[in-house]
Structure formats: C-alpha cells, structure tokens
Amino acid sequence: ERLAPKLEDWRGRLHGETPILLLPGSTQEVSAAIAICAEARLAVTPQGGNTGLVGGATPQGEVLLSLERMRGVREVDAANDSLIVESGVTLSAVHDLAEEAGRFFPLSLGSQGTATIGGLMSTNAGGVAVLRYGMMRDLVLGIEAVLPDGRVWNRLRGLRKDNTGYDLKQLFIGAEGTLGVITAATLKLFARPAEKIVGAVGVADVASAVKVLEVVKRVSGDAVTAFELMPQCGVDLVLEHIPDTRAPFPDRHEWIALVEMSFSRSGEGQAVMEAALGEAIEAGAANDAVIAASEAQGEAIWKLRETLPEAEKLRGPSLKHDVSSTVSATPQLIEDCTAAARRVLPGAEILAFGHVGDGNIHFNVGPPEGMSREDALARQKDVAAAIYDVVVGLGGSISAEHGVGILKSQELADRRDGPELDMMRAIKHALDPNNIMNPRMIFTDHGAPGGHARAAE
C-alpha cells in the first residue's frame with residue numbers, strides 16, 4: 001500500500017517495481033544512502049511528487065529514493081527577494097511562503113499542489129508564466145545536491161552575480177536525476193503584482209491568435225504574463241467533464257485564447273486590457289473578447305485551461321506530445337503535425353493546446369472512432385516519429401517542458417548530432433562513472449561510457 005502510488009506514473013500507463021523505498025529526511029541521510037548505493041553499484045531512481053509525464057520517476061528495479069520528507073524551509077530573505085527550501089516542498093507551499101513575505105513566485109502549473117521543487121528543477125518545468133518570467137532555470141539562484149558518490153555539493157548562495165567559473169547548478173536543472181539528487185534550492189522571488197487582469201479572446205485560427213499576441217504585447221508593454229490557447233473542442237471537453245465550468249462566450253469560436261496581464265499599480269489594468277483587445281478586434285485578428293470583471297471571473301476563465309489535461313484524462317487515453325517551435329512558426333507546427341498524425345492514424349482526434357506565448361504546444365492525438373486503446377498505443381512510436389519529424393524540420397524541440405525521461409530517450413539519441421551527445425555523455429561519465437543515477441534516462445542507454453549499475457536484488 002505504501003509503495004503502490006509511487007510505482008505508477010500520473011497517466012497510469014507506466015507501472016514500475018522496486019525492492020526498497022528510501023525516505024531520507026535530511027541531506028545527510030540522502031548522502032549516506034547514495035554513498036551505500038555507489039559502493040554497491042546499485043542503481044537509484046529519485047522521485048519528487050511523482051507528477052512527471054515522461055516516465056523518469058518510475059523505477060524498474062532500481063532503488064527508489066523519495067524526497068517527500070525533505071520539506072524544510074531554511075530561509076526566507078525578502079530583502080534579497082529569495083528563499084531557500086528543500087526539494088520535497090510543493091510548489092503551492094512556495095507560493096504561500098512568498099505571499100507571506102509580501103513577494104511572488106511566478107512558476108504556475110496544474111499539478112502545483114503535488115509537484116515538488118526538486119522535481120520541477122530536475123525537469124526544468126515551465127508552466128503558464130514563461131512568457132514573462134522564464135522557466136525553472138531562470139528562477140533558481142543556487143542549489144544543494146548530493147553527487148553520485150555521496151558527496152554533498154552546497155551552492156545555495158542567493159547571488160545574482162557570480163562569475164567564479166562554470167555555472168554548475170545549470171547542469172542539475174533539467175538533468176532528470178541523472179547527475180545526482182537535488183536536496184535544496186535558493187529560488188528567486190519577485191514583487192507581488194498589485195493587479196491582474198484576465199481576458200478571453202475568440203479567434204478563427206492559430207495564426208490569428210499569434211496576431212492577437214503581437215497586439216497585446218505591443219499595447220501593454222511587458223504586462224502580458226500568460227497567453228494560452230485552447231481549441232473549442234478542448235473547451236467542450238472541460239464543460240462535459242469538469243463541474244462548475246462555463247463557456248466564456250455565448251457563441252462558439254474555433255479557438256479561444258486566454259490573456260493575463262499583471263501590473264505593479266492597481267487601477268491601470270482594465271484600461272490597458274480593453275485597449276489591447278479592442279485593437280485586436282479592429283485589426284481583424286480577434287472575433288470577440290471578454291474581460292473578467294472580478295477575481296472570481298478570472299479564476300473561472302483560468303479553470304477552463306488548467307483543468308483541460310484532467311478532462312482529457314477522464315475522456316480516455318491519448319498519445320501526448322510536448323513540443324515547441326518559435327512563436328511565429330506555431331500555426332505551421334499545429335497544421336503540419338495534424339496532417340502528419342492523421343497520415344499515420346486516419347481520423348485521429350487532435351487536441352492541440354498550450355502556451356502559444358512561448359511556442360510550447362501540447363499536441364495530443366486521440367484514437368479514431370472505433371479503435372481500441374491497445375491498437376492506438378501500438379502505433380505510438382509511428383505517430384511520435386511523424387510528429388517529431390515536423391517539429392525538428394521547423395527547428396523546434398521534441399520536449400519543451402516535460403523532460404525526456406524514458407519515453408523520449410531513443411528519440412533524443414537519434415535526433416541530436418554527435419558533438420552534442422558526446423558532450424552530454426562526457427558530463428554524465430565525469431560525475432557518475434558507474435551510471436547509478438537514473439541509468440535508463442536520456443542518453444545513458446545509448447552508449448554512455450563507464451561502468452553500469454545493477455538493479456537492486
């Protein structure tokens with residue numbers, strides 16, 4: 001009963017096994033555990049909140065090391081706009097800590113009540129505010145990590161300027177547990193916005209949404225915090241499966257964009273949003289627009305976007321792809337990926353949505369009517385290959401914010417050039433020569449030098 005929830009991924013598609021679950025409560029205990037595993041050459045899979053979507057935290061015989069007890073708050077420094085927390089602290093808890101300090105931590109995503117800081121760093125999480133604040137890489141000042149030999153590396157200083165050699169913390173952010181275990185982090189805080197304004201915009205196509213984005217950015221300056229896009233079929237899915245939701249417009253639109261602006265002074269947001277959306281309508285980019293008149297109305301608009309993954313999960317299985325391109329290429333990305341997916345699966349149901357403001361699209365492919373889940377999953381690799389061909393052809397990325405994990409490791413090895421893979425493998429070998437840290441992840445199954453760990457017996 002204790003192990004079962006940790007051996008299944010969030011989607012319920014991957015089922016793992018482990019002979020032992022380790023639950024360290026301090027950096028010293030993590031260090032001792034990793035040192036024992038290093039000496040015995042036992043493979044280790046670190047796990048945070050287990051909300052990952054690429055299988056990186058689901059063990060397949062490795063020692064499972066959970067950071068769930070590492071929930072300490074070490075420092076809140078409002079004057080430095082920073083705080084230090086341990087890896088098991090949830091994103092929601094960090095939001096609360098920042099709020100109590102009169103500050104703001106901008107990373108926001110649907111699983112924030114469960115997702116932990118360690119996991120968010122390991123996957124370089126993005127979320128809905130990347131357009132203004134950047135990804136997790138941009139929000140971390142320092143880290144503490146346990147290396148694969150058990151040594152502790154502490155670089156938790158809250159400095160914004162430090163040119164003393166390589167910025168080593170960036171090796172661990174996005175490494176998905178392959179170079180060690182992140183045990184604590186110093187995070188950037190920001191001034192709390194005095195006012196947030198949310199609007200919904202009905203548009204005819206993705207190209208029109210990109211034009212709306214151009215207008216609202218120009219009119220508002222740097223006030224645009226988030227710009228999300230949902231197809232009408234996605235909104236319908238939420239209305240069908242999620243209680244207490246309502247459509248933002250009486251009429252149907254092919255696509256609905258969600259715009260959020262943040263302001264340092266109260267009282268100026270409404271006029272700026274009205275001017276921006278009014279200009280978008282006059283330019284013919286937007287067909288209709290509504291602006292939330294209260295915080296509750298803004299939350300209702302956001303609920304449509306935030307619960308869309310849950311609604312899709314309730315509908316049934318789909319083949320999910322987390323891809324990105326330049327913002328300007330997003331219309332072509334969605335159009336060409338749709339055509340590619342339907343060449344492999346004629347009649348496939350396409351649900352493409354996400355962070356158009358930064359070019360990140362969640363491109364999900366549902367089975368054609370009458371096709372079983374098993375038959376659809378059997379074509380997963382073919383569908384993914386067709387979609388990734390389009391993405392790479394546009395100069396995009398096959399993993400925008402979810403990581404590589406085990407689901408995309410072969411694709412990464414196949415699609416990266418030799419020098420890049422050689423550099424990645426050299427770093428892995430230098431820090432983890434016996435390949436004990438998440439050995440099935442990323443490039444480590446594809447010719448990484450050095451020894452090989454064994455599964456725990």
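Heavy atoms only: backbone and side chains are in, while hydrogens, waters and symmetry mates are out.
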Answer yes or no: is there a side-chain heavy-atom contact under 4.5 Å between [X] and [Y]?
X      : Y      : answer
Leu351 : Ser318 : no
Val365 : Ile387 : yes
Asn287 : Asp251 : no

Between the side chains of Glu260 and Arg305, is the shortest nitrogen-to-carboxylate-oxygen separation below 4.0 Å, so that they form an ion pair? no

Would you indicate whether Lys313, at its atom NZ, is surrounded by more than 12 heavy atoms from other residues, nucleotides or ligands within a distance under 6.0 Å? yes

Using a cut-off of 6.0 Å, state whether more than 12 heavy atoms not belonging to Lys303 lie near its atom NZ. yes

[Y] backbone acceptor or donor facing [X] side chain under 3.5 Å:
X      : Y      : result
Gln47  : Lys6   : yes
Glu86  : Gly72  : yes
Ser92  : Gln112 : yes
Glu279 : Ala276 : no
Arg132 : Ser262 : yes
Lys428 : Thr178 : yes
Glu195 : Gly269 : yes

Applying the side-chain hydrogen bond (donor to acceptor under 3.5 Å, both in side chains) test to Lys320, which of Glu312, His362, Gln380 qualifies? Glu312

Looking at Asp358, Leu258, Val212, which hits side chain to side chain contact (heavy atoms under 4.5 Å, CB included) with Phe227? Val212

Do Glu144 and Thr183 get their side chains close enough for a donor-acceptor pair, meaning under 3.5 Å? yes

Verify whether one side chain among Thr114 and Thr51 offers a donor that lies under 3.5 Å from an acceptor in the other. no

Could you pull out all donor-acceptor pairs under 3.5 Å where a side-chain atom in residues 390-400 meets a protein atom, sequence neighbours excluded?
| unit_1 | atom_1 | unit_2 | atom_2 | d |
| --- | --- | --- | --- | --- |
| Ser397 | OG | Ser399 | N | 3.1 |
| Ser397 | OG | Ser399 | O | 2.9 |
| Ser399 | OG | Gly403 | N | 3.0 |
| Ser399 | OG | Gly403 | O | 2.4 |

Would you please test Val94 and Leu107 for side-chain contact (heavy atoms from CB on, under 4.5 Å) and show each step? CA-CA 10 Å; Val94 168; Leu107 184 68; over 6 Å; no

Would you call the rings of His321 and Tyr388 parallel, tilted or perpendicular, taking 30° and 60° as the class edges? perpendicular

